[in-house]
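Bear in mind the structure is a predicted one, so any value in this text is a computation, not a measurement. Note that the numbering runs from 1 along the sequence shown for the chain. Note that ligands are numbered from 1 as they come in the structure, with each ligand's atoms numbered from 1 the same way.
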Amino acid sequence: MLEARLTLDPTQAVGAVSRRLFGAFVEHMGRGVYGGIHDPGHPTAGEDGFRRDVIDLVREMGVTAVRYPGGNFVSGFRWEDSVGPRDQRPVRLNLAWHSTETNEVGLHEFASWLDQVGAELVLALNLGTRSTLEALDLLEYANVPAGTTLADQRIANGRPQPFDVRTWCLGNEMDGPWQLGQRSAEDYGKLAARTAKAMRQVDPTLELVACGSSGAGMPTFGEWERTVLTHAYDDEDLISCHAYYEEKDGDLGSFLASGTDMDRFIESVVATADHVKAVRRSPRSIDISFDEWNVWYFSRVPTDLARNIDDWPVAPPISEDAYTVADGVVVGSLLMSLLRHADRVTSAAMAQLVNVIAPIAAEPQGPAWRKSTFFPFAVTSRLARGVSLRVGVDGPGYVTAQYGEVPVVDAAATTEGGRVALFLVNRAQDEDVEVSLDLTALGVGTVQEAVTLSDADPHAANTTDRPDRVGLRPTTHAEVDGCTLRVVLPPVSWTALALH
Ligand code: AHR
């Protein structure tokens, strides 16, 4: 058995854990909205067409905020299409996902779904094919109490109180060649600054998110952030990061180390933002909105999605992967990376939520169920409270093809009111690791809860036929011996402990 020793000092806080770290993302893509959260013919659907069983699972997952309505979809979206009497709403092509958008679910319906879920609405603006004026119109429609044509139109459409959307994402992945209205960093940076200034004339207290590069692997990465922030630093609060990981060519070792890559990605963006801060002698920092992250088997998305110009289906299935235990372990590790950077990552969204790249599956006319990736999210959202603590890990490493040497044990911890939550991953594929931790300084001595996601087959997954094949089990060995906690982590596993 391998061994690792942790050190945890309650005075070594990284920063407060924002509840907004446990956000998710719902896009008009595939069966995410139609046939996902909304399915009027389903036995559990309410009069509004939203599935009650799906709402219950989203609540169980502990989702605190939802970014909407895209994603790539937003760059072709006219928000006016999505409000007003449903039978008069235009039906449009969804160019991002080669499908037909009926606009049956729009701003009002989605906000009322969020009320049932108990999560906050985060809106993304179209800065691809639209500009500042349309952004201002949507802000006025959504947030101004009454007395203007647009605010009164919202009231006439059935919403007397403003939606009061606090956080706005200014565009989506604007450096992506796949993006409708792709822009250069110069053009986007100026547009983001202009739009933010205009929005702040309506409400200076809004939280505004500038688009970072679409990913750390983009040729634009780094220079994009520097240029955009050079133009828009004083006008924005956050800059976005997006990252998706998948197991490629059977390289499970590299895949399990995805959290290491996320750490480096976050630290690069922080360094770039702080460079611009230094150049501008600015007293304020720009934080990160990691508003798309997950395991996504992007290599399985058909490349000919957009080829058939005679076929524009409504809500075709896209990216409905069965997630394995290894995928769930990586999701746990990505959440740990977010916690480790709680001082600068103050908002995040798992992408996405239902059916599409999703922790929740919703069968047509059938049940809704949890994929492996559901479990680490739900438990981390419930237990990670208060402040994030620095964790020292003294243990073995291994060499990966993609990221060089990485630690076998990944760890993160939070503390609040005499409680400590500890999150652990064993990346070893064949060996257990015994983790020990001296609890003296922490003032905790009881393991109140200990759960593990693991399986003899790391590629086992929940499926329609066996929706409960994988899930959380009580951790087999988690004991306090004197002042020392000892936990045994099975190979390819994620574990959470609540210590009181
Ligand atoms: O989440 C799926 C897609 O991934 C989003 O639409 C886009 O922003 C990203 O490339």
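Interface atoms of ligand 1 facing Asn172, defined by a heavy-atom separation under 4.0 Å, are 7 (C), 8 (O). Each of the following atoms of ligand 1 lies closer than 4.0 Å to a heavy atom of Tyr244: 1 (O), 2 (C), 4 (O). Atoms of ligand 1 found under 4.0 Å from any heavy atom of Trp97, numbered from 1 in the order shown, are 3 (C), 6 (O). Taking a cut-off of under 4.0 Å to the non-hydrogen atoms of Ile357, the atoms of ligand 1 that pass are 1 (O), 2 (C). Heavy-atom contacts of Asn72 reach the following atoms of ligand 1: 5 (C), 6 (O), 7 (C), 8 (O), 10 (O) (cutoff under 4.0 Å). Residue contact check: Phe25 has heavy atoms under 4.0 Å from atoms 1 (O) of ligand 1. Each of the following atoms of ligand 1 lies closer than 4.0 Å to a heavy atom of Gly71: 5 (C), 6 (O), 8 (O).
When atom types are taken as modelled, the side chain of Arg344 and the backbone of Ile286 share a donor-acceptor pair closer than 3.5 angstrom. At least one donor-acceptor pair under 3.5 Å links the side chain of Ser282 to the backbone N or O of Arg284. Without hydrogens or angle criteria, Arg280 side chain to Thr230 main chain gives a donor-acceptor distance under 3.5 Å.
At the top of the distance list for atom 4 (O) of ligand 1, counting protein heavy atoms only, stands Glu292 OE1, 3.2 Å. For atom 10 (O) of ligand 1, the closest non-hydrogen atom of the protein is Glu173 OE1, 2.7 Å. Looking at atom 6 (O) of ligand 1, its nearest protein heavy atom turns out to be Glu27 OE1, 2.6 Å. Given atom 2 (C) of ligand 1, the protein heavy atom at minimum distance is Gln352 NE2, 3.4 Å.
Residue Phe73 places every heavy atom at 4.0 Å or more from ligand 1.
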Before you tell me yes or no, could you show the steps for Ser75 and Thr129 under side-chain hydrogen bond (donor to acceptor under 3.5 Å, both in side chains), namely the whole-Å CA-CA distance, both residues' side-chain angles and the distance that decides it to 0.1 Å?
CA-CA 6 Å; Ser75 292; Thr129 54; over 6 Å; no
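Among the candidates Arg92, Arg86, Arg89, the single residue satisfying the salt bridge (charged side-chain N to carboxylate O under 4.0 Å, His left out) test with Asp81 is Arg92.
Remark: Arg226 engages Glu223 in a salt bridge (Lys or Arg N to Asp or Glu O under 4.0 Å) (not counting sequence neighbours). For Trp224, the ring pair (Phe, Tyr, Trp, His ring centres under 6.0 Å) test picks out Tyr188, with sequence neighbours left out.
In the model, Thr373 has no side-chain atom that pairs as donor or acceptor with a side-chain atom of Asp327 under 3.5 Å.
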